[in-house]
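As a basis for the values below, the full set of heavy atoms in this structure was taken, side chains included, without hydrogen atoms, waters or symmetry mates.
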Amino acid sequence: MVAVAGSAALVLSIAVAVTLGSADLAVADVARSVLVHLGLPLHPLPPLQDGIVWQLRMPRVLLAVLVGAGLAVCGAVLQALTGNPLADPYLLGISSGASTGAVAVLVLGVGAGAFALSGGAFLGSVVAFATVLALAGRSLASSTRVVLAGVAASQLFGAVTSLVVITSADADATRSVTFWLLGSLAAADWTAVLACAAVVAAVLAACWSAALALDAFAFGQEAAAALGVPPARTQLLLFTATALGRRGAGGRERRDRLRRVDRPARRAVPRGRRAPHAAAGVRAAGRGVPALGRHGGAVGVRAPGRAGRGGHRGGRGAGLRGAPAAQADLAVTVDARRIRWSPGRGVLVLDGIDLDVPAGAFVGLLGPNGSGKSTLLRLLAGVRRPDAGTVRLDGRDLHSLPRRAAARRIALLAQESSTEVDMTVLDAVLLGRIPHRARWGPLGGDDVRRAEHALALLEVAALRDRRWSELSGGERQRVAIARALAQDPDVLLLDEPTNHLDVRHQLAVLELLAASPRTVVAALHDVGLAARYCDGVAVLHEGVVHAAGPPAAVLTPELLEKVYGVGAEVTTGGDGRPRIDLTPLGAW
């Protein structure tokens, strides 16, 4: 209904716009002229009026519509890619670069005809955005840096354009170029309209095919990568489309005779495996820390859903693949070998991490703030590459898998999920289905059913039509977990899944994870909850796995005091699980 109303309003706006001018025309005259030219047997307008409508005003108005459409699409793409609602082709320097390229062709005579002009504008757009990337450090992760770099590039190419005009054009050429830069449509014709329409249609097709990827970018580059979207390739495609679209929207050039300094004037033409039944283990890094609950070799932990796990209901499952028999094939192993990672500037976050996560286990990553838990999860998900070492999924190097294939097997929940794009809850969860859709196909009914099932598991089904901006922090967190479940992975990597949740929902989420047949690795801050629900824990401290194994063996008073700087009394509950009572040591 909205699309129909919008289309009707657009047609009416075009008709009204054509009537504006010194010649007195009515909307009925415009409609009759158009219908006659479309072949309907109507009485034509007088030749003068028909020429004004069909040859002069209609091409100008349609070209203006296409220019607006092209710029709107380019702006939407750039806003999604940068996560900044202010981003547009002008702000990011693309328009200035296109102007520089086109003006160089016009004034300096580098080539001839519409193709040379289009090529110059396109090349200028590409060079301008390459400059933005260079100034921003070749990364779009910081939207603030990208926008500031875009402003600088816009000023730079604007100055270059002025320099080219001042030094290479005479007064007549300067006047013509100025009108072109101001967007004059005075000499637009149907050839320009068709050329611009072809460019805008190509850009729309490219953007339509990447619509879900754009929504994923709204949550950040790493979120997009975790959903199977190759960030670099997708950005290259969409920025190229944006530069081309800016050229298509730049179909404003006058067909005036532009006299160049070196030759006579010419007419400027417009442009799954089975989980083991034996007990599994979590192995610590190869750095010994004596007498801290550390065990050499593999340390036994219970597989999920078996007796002895405290607090959860064994019959509850997080599986989204239908039949319970199929859920036995979900779990896979994850292991890391000698992982090192540094953000630069001499800071080493992870230093030789070794970690084995058995199939079907629920492993908690523990450690104080800044110990590297979030970084390790990103490395295990493959959205970051280690400086050294390997991550393997069922024995295969994770980075040997295509991004989409990896995203079908591993889902990553980031510590914070935020976006400026005001999508619905159901749309946000449907992003988890990106790795499973056909490459150029839309999402289907099965994808919607899986997303709705995930929403029901997290008790947010009633919020499916709510806007993201209307949700509380805890509701957003449960929706983000639902998206990870909708991704239907073999491995769940969760960075503080209980973040923002009230007590009831913290326990419900951990019970859901504990009962899941999947392999689960979660960064947790509550050591008491980790002791109650996890099969094994790995404690990170000062860049290494300080200790790893079953919670009862690892979470000793001595370790908690050394790693966290707190006193602890550890007792055993009726379910055989540790109960931990923490107390501060001295002044903070």
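Formation of a donor-acceptor pair under 3.5 Å by the Asp495 side chain with backbone atoms of Leu413 is not found in this model. Thr234 contributes no side-chain N or O that, together with a main-chain N or O of Pro231, makes up a donor-acceptor pair within less than 3.5 Å. With Ser516 contributing its side chain and Leu512 its backbone, the two residues share no donor-acceptor pair below 3.5 Å. Side chain of His436 to backbone of Gln487: a donor-acceptor contact under 3.5 angstrom is found. Between the side chain of Arg408 and the main chain of Pro435, a donor-acceptor pair closer than 3.5 Å is present. Without hydrogens or angle criteria, Arg449 side chain to Gly444 main chain gives no donor-acceptor distance under 3.5 Å. For Ser125 (side chain) and Gly97 (main-chain N/O), no donor-acceptor pair under 3.5 Å exists by modelled atom type.
To the nearest 0.5 Å, the span separating OG1 on Thr390 from CG on Asp335 amounts to 7.0 Å. Between Leu430 atom CG and Arg464 atom CZ the span is 8.5 Å, to the nearest 0.5 Å. Between the CD atom in Glu416 and the CZ atom in Phe219 there is a gap of 12.5 Å [rounded to 0.5 Å]. To the nearest 0.5 Å, the span separating CG on Asp446 from CZ on Arg450 amounts to 4.5 Å. Between atom CG of residue Leu529 and atom SG of residue Cys534 there is a gap of 9.0 Å, rounded to the nearest 0.5 Å. How far OG1 of Thr556 is from CD of Glu561: 10.0 Å, rounded to the nearest 0.5 Å.
Between Arg504 and Glu459 a salt bridge is recorded (basic side-chain N to carboxylate O distance below 4.0 Å). The existence of a salt bridge linking Asp354 and Arg338 is confirmed by a sub-4.0 Å separation between a basic side-chain nitrogen and an acidic carboxylate oxygen. A salt bridge does not link Arg518 with Asp490: none of the charged nitrogens is closer than 4.0 Å to a carboxylate oxygen. Looking at Glu496 and Lys373, no side-chain N of the basic residue comes within less than 4.0 Å of a carboxylate O on the acidic one, giving no salt bridge. Between Arg337 and Asp356, at least one side-chain nitrogen of the basic residue sits less than 4.0 Å from a carboxylate oxygen of the acidic one, meeting the salt-bridge criterion. Note on Asp394 versus Arg409: salt bridge recorded, some NZ/NE/NH1/NH2 to OD/OE distance being below 4.0 Å.
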Item to complete: Apply the test side-chain contact (heavy atoms from CB on, under 4.5 Å) to residues Val563 and His546: give CA-CA distance (whole Å), side-chain angles for both, the deciding distance (0.1 Å), then the verdict.
Response: CA-CA 9 Å; Val563 172; His546 200 63; 3.6 Å; yes
Q) Going through the checks in order, is the side-chain contact (heavy atoms from CB on, under 4.5 Å) test met by Arg433 and Asp488? A) CA-CA 8 Å; Arg433 302 302 303 164; Asp488 207 9; 3.6 Å; yes
Residues Arg478, His505; criterion side-chain hydrogen bond (donor to acceptor under 3.5 Å, both in side chains); working and verdict:
CA-CA 9 Å; Arg478 284 187 284 153; His505 287 111; 3.1 Å; yes
Just do the side-chain contact (heavy atoms from CB on, under 4.5 Å) check on Val520 and Val363 with the steps written out, would you? CA-CA 6 Å; Val520 180; Val363 174; over 6 Å; no
Inset, instruction - Check the pair Ser374, Arg378 against side-chain hydrogen bond (donor to acceptor under 3.5 Å, both in side chains), reporting the backbone distance first and the verdict last. - result: CA-CA 6 Å; Ser374 299; Arg378 291 185 176 97; 4.7 Å; no
Notebook entry, point to check: What's the verdict on salt bridge (Lys or Arg N to Asp or Glu O under 4.0 Å) for Arg437 and Asp447, showing C-alpha distance, side-chain angles and the deciding distance?
Noted result: CA-CA 8 Å; Arg437 68 165 183 151; Asp447 298 305; over 6 Å; no
Go through it in stages, so that I can follow the logic: the residues are Thr519 and Leu492, the test is side-chain contact (heavy atoms from CB on, under 4.5 Å), and I'd like the CA-CA distance, side-chain angles, deciding distance and then a yes or no. CA-CA 6 Å; Thr519 303; Leu492 278 169; over 6 Å; no
Begin from the C-alpha positions of Ser342 and Asp387 and carry the test side-chain hydrogen bond (donor to acceptor under 3.5 Å, both in side chains) through to its verdict. CA-CA 7 Å; Ser342 169; Asp387 297 330; 4.9 Å; no
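At a threshold of 4.5 Å between non-hydrogen side-chain atoms, the residues Leu463 and Leu455 do not count as touching. The shortest side-chain heavy-atom distance between Ile434 and Leu431 falls under the 4.5 Å cut-off. Between Tyr533 and Leu513 there is no side-chain heavy-atom pair separated by less than 4.5 Å. The shortest distance between side-chain heavy atoms of Leu582 and Tyr564 does not fall below 4.5 Å. Side-chain contact between Gln477 and Thr498 is absent, with no heavy-atom pair separated by less than 4.5 Å. At least one side-chain heavy atom of Leu412 sits under 4.5 Å from a side-chain heavy atom of Leu377. Counting heavy atoms from C-beta outward, Arg392 and Val334 have side chains that stay 4.5 Å or more apart. Side chains of Pro578 and Leu555 form no contact here, defined as non-hydrogen atoms less than 4.5 Å apart.
The minimum heavy-atom distance between Ala547 and Leu559, with the atom names listed, is CB-CD1, 3.6 Å. Scanning both residues, Ala480 and Ser417, for their nearest heavy atoms gives CB-OG, 3.7 Å. Across Ala153 and Leu135, no two heavy atoms sit closer than the pair N-CD1, 4.5 Å. Scanning all heavy atoms of the two residues, the minimum distance from Thr419 to Ala218 falls at OG1-O, 3.0 Å. Here the closest heavy-atom approach between residue Gly372 and residue Val349 is recorded as CA-CG1, 3.8 Å. In terms of heavy-atom proximity, Arg467 sits nearest to Thr424 at NH1-CG2, 3.1 Å.
Judged purely by distance below 3.5 Å, without hydrogens or angles, the side chains of Ser472 and Arg476 never pair a donor atom with an acceptor atom.
A side-chain contact (heavy atoms from CB on, under 4.5 Å) with Arg340 holds for exactly one of Leu379, Asp351, Ile353; it is Asp351.
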